[in-house]
Amino acid sequence: MLLGVIADDLTGATDVALMLAREGMRVVQTVGTPASAAALPDADAVVVSLKSRTNPPDEAVAWSLASCEALLGAGARQILFKYCSTFDSTDRGNIGPVAEALMARLGAAYTIACPAFPANGRSVYQGHLFVGSALLSDSPMKDHPLTPMRDANLVRVLGRQTRLPVGLVPYQTVAKGAAATRAAFEALAKDGAAIGVADAVTDADLRTLGEAFDGAPLLTGGSGIALGLPENFRRAGLLRPAAAAAPFAAPRGLSAVLAGSCSAATRGQVRDAEERGVPAFAIDPVALAEGRLSAADVLAWAKPRLGATPVLVYSTAEPEAVRAIQERFGREASGAMVERLLGEVARGLVEAGVSRLVVAGGETSGAVVGALGVTMLEIGPEIDPGVPWTLAADGHRIALALKSGNFGGRDFFTRSLSMLD
Ligand SMILES: Nc1ncnc2c1ncn2[C@@H]1O[C@H](COP(=O)(O)OP(=O)(O)OP(=O)(O)O)[C@@H](O)[C@H]1O
Ligand SMILES: O=C(O)[C@@H](O)C(=O)CO
């Protein structure tokens, strides 16, 4: 293995796995903290997907360190900590604490923090994160149910999460190329700043950053920061030419869509599927909390409708509705309650013959994949930037499209499924 990746959520893991596969690496994604190095498959890159983004920082650190140990044990020469392109985190973490712990374990004098992902509209300029043309703090991320992002200045945001000094490697330096960029990180480290937030606006900038970190023990960032890494290994003669990809063979069977993301893109995708006549069930979190709604009720609605078209089950709601639920039942408790339900519904649907499943939302995907007991994924064709089809690679007969909340075109649900026909 050349590269070991630790991702803080499942759809983020799939996103970075797709990035590496597109750049010519043989990639396998595993689910959960690996028991040991022996539990990891043979590949150029292994992406370990955790569900650690919103957990208590101690837990996120422990899982990330255990994953790092397994990846190093399996031969990884470099570690990438992958988090969200919108830097989803709270003042407690978990980006800062995990980066800090991995730096200590790997003896890294400095590392990079860069969530830029231009193909999905995320860019970093003068340390400020933009979503499209809006600052992060003016984007729909300000209303995220679990990690509302209300400050776009990443030096400041990260500074609140770590005891390590945080500096900036600005665009003007990155534009000068990999050598100047590496020198800027070294200079920052000499001045005491251990983590450098790096500007990147285009894929070319990300490739420069990747080259600047050739041979470095640790990088942190969104999937974009992985763009230039395969080339480092290729240049060193370490990357075998990729074999022609086998055709993606999704198992025949019924299809369904489960949406637990309340992000702006998912809200549009739910509306689009409804407008196209996809039978849809809206979960009422109040009924769920009061015991008037269970997975059995949802399955009783869904099973007779499974057939030529998919069914859609969603808890997706507008920000005001989400806020009202959270005020009543608590932010974490409402999230956990909805995730548990969608996990149970997924299990019931698969038992009823669903073998093609689209899931919207990182936490939701973690809950669904956990409930299904899927432990390993093979990366298939790209549906939209950052979202591939995947196949369970552990004996389960299921194809999964695990979509980050804010990714994908408006017709994502129906288009992704029709790609398989
Ligand atoms: N109607 C609702 N009211 C309150 N919470 C909800 C509701 N619907 C979903 N949730 C919770 O909101 C959270 C959404 O997080 P999730 O990671 O699945 O989506 P996302 O953040 O949009 O996607 P990503 O992490 O990929 O960007 C989950 O914990 C989910 O259970
Ligand atoms: O980086 C992103 O935006 C996604 O891969 C993600 O992590 C969303 O949960």
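We count ligands from 1, going down the list as the structure has it; atoms in each ligand are counted the same way.
Side chains of I383 and P388 form no contact here, defined as non-hydrogen atoms less than 4.5 Å apart.
Residue G362 places every heavy atom at 4.0 Å or more from ligand 2.
Atoms of ligand 2 lying under 4.0 Å from any heavy atom of R53, numbered from 1 in the order shown and given with element: 6 (C), 7 (O), 8 (C), 9 (O). Numbered from 1 in the order shown, with element, the atoms of ligand 2 that lie under 4.0 Å from a heavy atom of K82 read 1 (O), 2 (C), 4 (C), 5 (O), 6 (C), 7 (O). Atom numbering of ligand 2 starts at 1 in the shown order; those under 4.0 Å from a heavy atom of S85 are 1 (O), 2 (C), 3 (O). Residue contact check: G12 has heavy atoms under 4.0 Å from atoms 5 (O), 6 (C), 7 (O) of ligand 2. Listed by number with element, the atoms of ligand 2 under 4.0 angstrom from any heavy atom of D15 are 1 (O), 2 (C), 4 (C), 5 (O). For ligand 2 and D9, the ligand atoms under 4.0 Å from any heavy atom of the residue are 7 (O), 9 (O). Counting atoms of ligand 2 from 1 in the listed order, those under 4.0 Å from a heavy atom of S404 are 4 (C), 5 (O), 6 (C), 8 (C), 9 (O).
Considering only non-hydrogen atoms, atom 4 (C) of ligand 1 lies nearest to V322 out of L342, V368, V322. For atom 21 (O) of ligand 1, the nearest non-hydrogen atom from the set H144, R340, M141, E363 belongs to H144. The heavy atom nearest to atom 10 (N) of ligand 1, considering only A265, A264, A360, G260, is found in G260.
R160 has a carboxylate O that lies under 4.0 Å from a charged side-chain N of D151, or vice versa, which qualifies the two as a salt bridge.
If you look at F407 next to ligand 2, the close heavy atoms, those under 4.0 Å, all belong to the side chain. At a heavy-atom cutoff of 4.0 Å, ligand 1 is contacted by the side chain of L146 but not by its backbone. Contact annotation: for P285 versus ligand 1, heavy atoms closer than 4.0 Å belong to the side chain alone.
In terms of polar-atom proximity, defined here as any N/O pair under 3.5 Å, G335 does make such a contact with ligand 1. The distance criterion of under 3.5 Å between nitrogen or oxygen atoms is not met by Q326 with respect to ligand 1. The shortest N or O to N or O distance between K403 and ligand 1 is not under 3.5 Å. Between N406 and ligand 1, not a single N/O pair is under 3.5 Å apart. Of the polar atoms of G405, at least one N or O is found under 3.5 Å from an N or O of ligand 1, judged by distance alone.
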